[in-house]
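Mind looking over this structure? Questions follow.
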Amino acid sequence: MARPKNHIELQFLSEPSDVNYGGKVHGGMMMKWIDQAAFACALQWSQSYCVTVYVGGIRFFHPVHIGHLVKMDARIIYTGKTSMHIAVDAYSKPVGKIDFVKNTHCIIVFVAVDDNGNPQRIPEFKPKTEKEIAMRGYAVKLMELRKSIDKEMEPYIV
């Protein structure tokens, strides 16, 4: 069996229904695309249905305009026994231009589940390149930061 790929790239055009009155893509639409790209990446890695359990640190750097080519780049950067941490970067460019501009970045965590909705074991991601090793370290640092954020949010979640 071939090793599952840890990366997926989706490209499509932003459409009139994706944008607000200012001609820019809604933040909510960007978040939907991020979730879809990350889900496809998680599904490809785990070969199992997956559920979103965390989205964090989403940053919007530049707007995406109507009619621009959008590229969603999603990659596994860390795995637990059942979870996958996926970095998603969104890029866009006017049709006919060469260079993409980075619009958005975030980390999203999925858990693979079986037919009964129970967490299911997944293959371990073993970083090989310097960039993959650095991104794994980034994921580990963010997990530590989330512990303090979770503690701070605890009184407001109930």
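Note that these values count all heavy atoms, side chains included, but never hydrogens, waters or copies made by symmetry. Predicted model, so just to flag it, every value in this text is computed and none were measured.
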- Query: Given Lys151 and Glu154, is the salt bridge (charged side-chain N to carboxylate O under 4.0 Å, His left out) satisfied, shown in steps?
  - Reply: CA-CA 5 Å; Lys151 185 177 178 182; Glu154 193 172 307; over 6 Å; no

- Taking atom types as modelled, find out whether Asp114 and Ser48 have a side-chain donor-acceptor pair closer than 3.5 angstrom.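 No, no side-chain donor-acceptor contact under 3.5 Å.
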
- Item | His7 versus Asp73, closest heavy-atom pair with distance |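 Shortest heavy-atom separation between His7 and Asp73 comes out as NE2-OD1, 2.5 Å.
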
- Message: I'd like to know if Met31 and Ile8 are part of one continuous hydrophobic network [Ile/Leu/Val/Met/Phe/Trp/Tyr, side-chain heavy atoms within less than 4.5 Å].
- Response: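 The answer is yes; both residues are in one hydrophobic cluster.
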
- Message: Counting neighbours of NZ on Lys97 that are heavy atoms of other residues, nucleotides or ligands and sit closer than 6.0 Å, is the number greater than 12?
- Response: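 Not more than 12 within 6.0 Å, no.
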
- Message: The test is side chain to side chain donor-acceptor pair (under 3.5 Å); show your working for His105 and Asp89 and say whether it passes.
- Response: CA-CA 5 Å; His105 169 81; Asp89 292 309; 2.6 Å; yes

- Task: Could you tell me whether the side chain of Gln44 and the main chain of Lys5 form a donor-acceptor pair under 3.5 Å?
- Result: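 Yes: the side chain of Gln44 pairs with the backbone of Lys5.
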
- Query: Which atoms form the tightest heavy-atom contact between Asn6 and Cys41, and what is the distance?
  - Reply: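 Closest approach of Asn6 to Cys41: O-SG, 3.6 Å.
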
- Any luck finding a side-chain donor-acceptor pair between Asn20 and His26 under 3.5 Å?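 Per modelled atom types, Asn20 and His26 side chains form no pair under 3.5 Å.
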
- Query: For the hydrophobic clusters of this structure (ILVMFWY residues joined by side-chain heavy atoms under 4.5 Å, transitively), does one cluster hold both Tyr49 and Met84?
  - Reply: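 Cluster IDs for Tyr49 and Met84 match.
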
- So, do Thr82 and Ile122 sit near enough that their side-chain heavy atoms are less than 4.5 Å apart?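 A side-chain contact is absent here, since even the closest heavy-atom pair is not under 4.5 Å.
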
- Item | cation_pi(Lys71, Phe100) dist<6.0 Å, angle<=45 |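 Relative to the ring axis of Phe100, which defines the angle, Lys71 lies inside both limits.
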
- Item | Separation of Trp45 CH2 from Ile76 CD1 (nearest 0.5 Å) |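 So the gap between those two atoms works out to 6.5 Å.
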
- Do Ile58 and Phe60 have side chains that get closer than 4.5 Å, going by heavy atoms?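 Sidechains of Phe60 and Ile58: in contact.
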
- For side chain to side chain contact (heavy atoms under 4.5 Å, CB included), just list the numbers for Lys147 and Glu144, CA-CA rounded to whole Å, side-chain angles, deciding distance to a tenth of an Å, and then say yes or no. CA-CA 5 Å; Lys147 288 177 186 176; Glu144 287 301 314; 3.1 Å; yes

- Item | Side chains of Arg136 and His85 in contact at under 4.5 Å (non-hydrogen atoms) |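 When only atoms from C-beta onward are counted, His85 and Arg136 do not touch, as no gap falls below 4.5 Å.
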
- Item | Test item: Glu132 side-chain N/O and Thr129 main-chain N/O as donor-acceptor pair under 3.5 Å |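 Judged by distance alone, yes, a pair lies under 3.5 Å.
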
- Message: Can you give me the closest heavy-atom contact between Ala112 and Ser46, atom names plus distance?
- Response: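 That would be CB-CB, 4.0 Å.
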
- Task: Please say whether more than 12 non-hydrogen atoms of neighbouring residues, nucleotides or ligands are located less than 6.0 Å from CG in Asp115.
- Result: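 No, because the 6.0 Å sphere around CG of Asp115 holds 12 heavy atoms or fewer from other groups.
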
- Looking at side-chain heavy atoms only, is the closest gap between Met29 and Lys32 below 4.5 Å?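 They are in side-chain contact.
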
- Task: Could you tell me which non-hydrogen atom of Lys128 sits nearest to which non-hydrogen atom of Ile133, and how far apart they are?
- Result: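 For Lys128 and Ile133, the tightest heavy-atom pair comes out as O-CD1, 4.2 Å.
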
- Task: For the pair Leu13 and Val95, evaluate side chain to side chain contact (heavy atoms under 4.5 Å, CB included) and give the outcome as yes or no after the intermediate values.
- Result: CA-CA 9 Å; Leu13 290 174; Val95 174; 3.6 Å; yes

- Task: Treating Ile, Leu, Val, Met, Phe, Trp and Tyr as nodes and any side-chain heavy-atom pair under 4.5 angstrom as an edge, say whether Val64 and Val19 lie in one connected cluster.
- Result: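 The answer is yes; both residues are in one hydrophobic cluster.
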
- Are the side chains of Asp18 and Trp33 in touch, meaning some heavy atoms are under 4.5 Å apart?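 Touching, per the 4.5 Å side-chain cut-off.
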
- Message: Between Pro16 and Ile66, is there a side-chain heavy-atom distance shorter than 4.5 Å?
- Response: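 Yes - at least one pair of side-chain heavy atoms lies under 4.5 Å apart.
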
- Task: Kindly assign one of parallel, tilted or perpendicular to the pair Phe110 and Phe39, based on the angle between their ring planes and the thresholds 30° and 60°.
- Result: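 Taking Phe39 first and then Phe110, their aromatic rings sit tilted (interplane angle of 30° to 60°).
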
- Message: Distance check, rounded to the nearest 0.5 Å: Asn103 atom CG versus His68 atom NE2?
- Response: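 It is 9.0 Å, given to the nearest 0.5 Å.
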
- Query: In the single-linkage hydrophobic clustering (I, L, V, M, F, W, Y; side-chain heavy atoms under 4.5 Å), do Ile77 and Val109 co-cluster?
  - Reply: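 Different hydrophobic clusters.
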
- Message: To the nearest 0.5 Å, what is the distance between CD on Glu9 and CZ on Arg75?
- Response: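 Interatomic distance, Glu9 CD to Arg75 CZ, rounded to 0.5 Å: 9.0 Å.
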
- Query: Going through the distances and angles, do Thr52 and Ile108 end up as a side chain to side chain contact (heavy atoms under 4.5 Å, CB included)?
  - Reply: CA-CA 7 Å; Thr52 308; Ile108 186 165; 3.9 Å; yes

- Value rounded to 0.5 Å, distance of CD in Glu124 from NZ in Lys81: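 Rounded to the nearest 0.5 Å, the CD-NZ separation comes to 11.0 Å.
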
- Neighbour count >12 (heavy atoms, 6.0 Å) for atom CD1, Ile157: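 Atom CD1 in Ile157 is packed in, count exceeds 12.
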
- Determine, stepwise, if the pair Tyr78 / Leu142 fulfils side chain to side chain contact (heavy atoms under 4.5 Å, CB included). CA-CA 11 Å; Tyr78 177 86; Leu142 291 176; over 6 Å; no

- Task: Report yes if some heavy atom in the side chain of Thr104 is under 4.5 Å from a heavy atom in the side chain of Ile34; otherwise report no.
- Result: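 Thr104 reaches Ile34 side chain to side chain.
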
- Kindly say whether His65 contributes a backbone atom to a donor-acceptor pair with the side chain of Ser14 at under 3.5 angstrom?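 Side chain of Ser14 to backbone of His65: a pair is present.
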
- Message: With a 4.5 Å cut-off on side-chain heavy-atom distances among I, L, V, M, F, W and Y, is there a chain of contacts connecting Leu10 to Val88?
- Response: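 Hydrophobic grouping puts Leu10 with Val88.
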
- Query: Is it the case that Arg146 places NZ or CZ above or below the six-membered ring of Tyr54, under 6.0 angstrom from the centre and within 45 degrees of the axis?
  - Reply: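 Verdict for Tyr54: a cation-pi partner in Arg146.
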
- Item | Non-hydrogen atoms of Gly56 and Cys106 that approach each other most closely |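 Heavy atoms of Gly56 and Cys106 come nearest at O-CB, 3.6 Å.
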
- Atom OG in Ser83, atom CE in Met143: separation rounded to 0.5 Å?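 Between Ser83 OG and Met143 CE, I get 7.5 Å after rounding to 0.5 Å.
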
- Quick one: does Tyr91's side chain get under 4.5 Å of Asp99's, heavy atoms only?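 They are not in side-chain contact.
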
